[in-house]
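Here's the structure, in structure tokens; my notes come after.
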Amino acid sequence: GEIAGTLHGMLTQLRQSDKAVRRGNLLRIGQGADYWSNEHNHVMYDPGCPWKSDANCSTPDYPTAGTGGVYALSLQYMQSVETVLETYGGPEEEWIDTFGVPRD
């Protein structure tokens, strides 16, 4: 329950942060970078891996990596975490998000 709950909480924060940076009007970000940064849009949405020196995203385990930029990679990551939670997280009503709670 605790691990699944914390993972779910972190995934929710990641989604909110991603949306705030890209689209704005959330988390004290007025206008998201989608609306004003060509460099951001290039890295986030164009095929390839322009953030890497060799721009090659593919790996033996993930040959189609980079076909849609960082945004496609991040969506796939978030969907994978959801699948793990659904498959192995146990009943959602037992999830407890304790991230950031001080421990003894």
Side-chain angles (χ1 to χ4, degrees):
E2 183 177 0
I3 293 172
T6 298
L7 186 57
H8 180 263
M10 293 295 93
L11 181 61
T12 299
Q13 287 184 11
L14 176 61
R15 281 202 167 105
Q16 287 179 333
S17 298
D18 169 67
K19 186 176 180 182
V21 168
R22 288 183 313 99
R23 309 296 288 168
N25 295 320
L26 185 66
L27 301 177
R28 295 182 285 169
I29 296 176
Q31 187 177 41
D34 279 7
Y35 301 106
W36 56 267
S37 175
N38 290 332
E39 183 178 16
H40 161 85
N41 290 329
H42 172 61
V43 169
M44 289 299 287
Y45 306 113
D46 288 351
C49 294
W51 63 92
K52 292 180 66 179
S53 60
D54 64 1
N56 181 5
C57 300
S58 65
T59 67
D61 294 328
Y62 189 19
T64 60
T67 57
V70 172
Y71 183 64
L73 292 172
S74 67
L75 279 181
Q76 185 166 12
Y77 171 77
M78 290 185 271
Q79 290 167 349
S80 296
V81 172
E82 278 183 350
T83 300
V84 167
L85 284 170
E86 290 169 2
T87 305
Y88 304 105
E92 191 170 344
E93 59 272 5
E94 294 177 9
W95 293 356
I96 303 166
D97 183 358
T98 60
F99 183 78
V101 176
R103 296 202 172 238
D104 296 334

Problem - Partner set under salt bridge (Lys or Arg N to Asp or Glu O under 4.0 Å) for Glu82, not counting sequence neighbours - result: Arg15
Exercise for the section: Go through the structure and list residues passing salt bridge (Lys or Arg N to Asp or Glu O under 4.0 Å) with Asp46, not counting sequence neighbours. Expected result: none
What side-chain donor-acceptor pairs closer than 3.5 Å can you find for residues 24-31, not counting sequence neighbours?
none

Does [X] share a hydrophobic cluster with [Y], counting links as ILVMFWY side-chain heavy atoms below 4.5 Å and allowing steps through other members?
{"X": "Tyr35", "Y": "Val70", "value": "no"}
{"X": "Val21", "Y": "Tyr71", "value": "no"}
{"X": "Val84", "Y": "Val81", "value": "no"}
{"X": "Ile3", "Y": "Ile96", "value": "no"}

Fill in the blank from the handout: Contacts of Gln76 meeting side chain to side chain donor-acceptor pair (under 3.5 Å) (sequence neighbours excluded), chain-then-number -> Tyr62
Problem - Set of residues satisfying side chain to side chain donor-acceptor pair (under 3.5 Å) with respect to Tyr45, sequence neighbours excluded - result: Arg22, Asp34
Practice task
Please answer whether the main-chain N or O of Leu14 pairs with a side-chain N or O of Asp18 as donor and acceptor at a distance below 3.5 Å.
Solution key: no
Problem - Distance in Å, Leu11 CG paired with Tyr77 OH, rounded so as to fall on 0.5 Å steps - result: 7.5 Å
Exercise for the section: Enter the distance from Gln16:CD to Lys19:NZ here, rounded to the nearest 0.5 Å. Expected result: 9.0 Å
Completion exercise
The side chain to side chain contact (heavy atoms under 4.5 Å, CB included) partners of Ala4 (sequence neighbours excluded) come to Leu85, Trp95
